[in-house]
There are 2 protein chains.
Amino acid sequence: MSDKLFQQIRKFIDLSANDELVVNKYINTLQLNKKEFLLHDGKVCNDLYFVEKGCLRMYFINKKDSEQITQFALDGWWIADYMSFMNNTPSNYYIQSIEKTEIVSISSQKFDDLLKELPHLEKYFRIIMQKAVAASQHRAKLMYEMTKEEFYIHFSTSFPEFMQRVPQYMIASYLGLTPEYMSELRKKKL
Amino acid sequence: MSDKLFQQIRKFIDLSANDELVVNKYINTLQLNKKEFLLHDGKVCNDLYFVEKGCLRMYFINKKDSEQITQFALDGWWIADYMSFMNNTPSNYYIQSIEKTEIVSISSQKFDDLLKELPHLEKYFRIIMQKAVAASQHRAKLMYEMTKEEFYIHFSTSFPEFMQRVPQYMIASYLGLTPEYMSELRKKKL
DNA sequence: TCAATTTCTTAAACCAGTTTAATATTTAAG
DNA sequence: CTTAAATATTAAACTGGTTTAAGAAATTGA
């Protein structure tokens, strides 16, 4: 249920059995069917979400009325619209499950309360956020440096399983390609 | 000297006068002339940098042997190659001053020591990192959504002073434009 | 002050990737 | 099992932005 979360926390800080009980007071576990929404455009992103098992996507509706995916989240990953979460402002994003998914969520208020009750958890969240910044710096570098074809090749080489698991048009969206161009690149690659 | 840093910290947490003395034990203040380097490709990014006054840029050398800027840092901003900092691996980036700049730096080791001695500082750094993630999510959204022309207009409208302060070719680099195209857009805009 | 270097501008030829418009294949629902 | 809906493929016309190649203007250093 929240095994993966506690496992991950213990990679960075000590967490006693009693601490674990405290954390459980504040978090929520959820089972999602495919295509269930956690967040809608126009609503405040009031929770942080941790994926225990499954896959989420975060997307917005662009000017041409189509879905533009900016992020996926797999097992062990946190996901949220952090701007909305921190400023309590309406989000421009949707967060939706791509398949059956188990998550842990914690609301903004409970997050504050938890960190007051267990301040050493601040270190875990600081590290997680640092890793997220590192990952986004890395991704920005790739996007500046590579053509879209190169980025596709890099991505499909790095995450072959993911490529099978998620609809191709979603991967195209995430990579900033049209589905048509993606088909062309797939053909080329064989 | 580190006024801006302490000012910023106090926006998020309480920091006593004594705490401030402790922090001063761990940090380093530096004056940089224009074009001085803080980080070279191939070296480990062993410090976090905070800009008290001035402007830094972070860039890498791309496949065509030209400089690709991925980030600027102005007064009140932290900057580092976080992947290199956290993993103690050689960086692919340079960090350089664009003008005379005052910074505060803290090495990886001292960062750990400081947080052990003043654990409530973890909250400050967690918040700063969350804000950085929020900013990178926002920027990714803009880049997916806007043409380069639109992005240029958005940026020059949002940061008119910055546009005057920094060489145009650097802004072009950061926006992912060629200097030639940028000239064209500037002409169009008049 | 002058020469060297850097930065900015100009414009035509070029192209990575998109748009448009189907068609084919696969998946989901009843 | 059949139909509807969703996903993937195909290809030609199109375009936002780059490359190439100067020349002009501004800044820097001695």
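Letters A, B, ... are given to chains in the order of the sequence lines, protein chains preceding strands, and every chain is numbered from 1.
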Quiz question: by atom type and distance under 3.5 Å, do the side chains of A:Gln71 and A:Tyr93 form a donor-acceptor pair?
no
Name each donor-acceptor pair under 3.5 Å that joins a side chain in residues 77-87 of chain B to protein atoms two or more places apart or in another chain, with its distance.
residue	atom	partner	partner atom	Å
B:Trp78	NE1	B:Tyr124	OH	2.9
B:Asp81	OD1	B:Met83	N	3.3
B:Asp81	OD1	B:Ser84	N	3.4
B:Asp81	OD2	B:Ser91	OG	2.7
B:Ser84	OG	B:Cys45	N	2.8
B:Ser84	OG	B:Thr89	O	2.5
B:Asn87	ND2	B:Met83	O	3.3

Can you name the residues that form a ring pair (Phe, Tyr, Trp, His ring centres under 6.0 Å) with A:Tyr144, not counting sequence neighbours?
none
Give, for atom CD of A:Gln96 and atom CD1 of A:Ile69, the distance between the pair rounded to the nearest 0.5 Å.
9.0 Å
Can you check whether A:Leu48's main-chain N or O pairs, donor with acceptor, with A:Ser105's side chain at less than 3.5 Å?
no
Do A:Phe111 and A:Phe125 have ring centroids that are under 6.0 Å from one another?
yes
State, to the nearest 10°, the angle formed by the axis through the first five base pairs of the helix from C:dT1-D:dA30 to C:dG30-D:dC1 and the axis through its last five.
60°
Scan residues 156-166 of chain A against DNA chain D and write down, sorted by residue number, each residue with any heavy atom closer than 4.0 Å; if none is found, say none.
none
Criterion salt bridge (Lys or Arg N to Asp or Glu O under 4.0 Å) on B:Arg126 and B:Glu122, from CA distance to verdict:
CA-CA 6 Å; B:Arg126 189 260 300 161; B:Glu122 286 276 6; over 6 Å; no
With a 4.0 Å cut-off, would you call A:Glu102 and A:Lys4 a salt bridge?
no
Nucleotide by nucleotide, 5' to 3', does protein get under 4.0 Å of the base (B), only the sugar-phosphate (S), or neither (-) in nucleotides 16-30 of chain C, counting heavy atoms?
-SBBBB------S--
Within a strict 4.5 Å, meaning less than it, do heavy atoms of the A:Thr101 and A:Leu56 side chains meet?
yes
Which label fits A:Tyr94 and A:His40: parallel for a plane angle under 30°, tilted from 30 to 60°, or perpendicular past 60°?
perpendicular
A:Asp19 side chain to A:Ser16 backbone, donor-acceptor under 3.5 Å
yes
Need two values: the first and the last nucleotide of DNA chain D, 5' to 3', having an atom under 4.0 Å from any heavy-atom of chain B.
D:dG17 to D:dT28
is_close_aromatic(A:Phe72, A:Phe162), centroid dist under 6.0 Å
yes
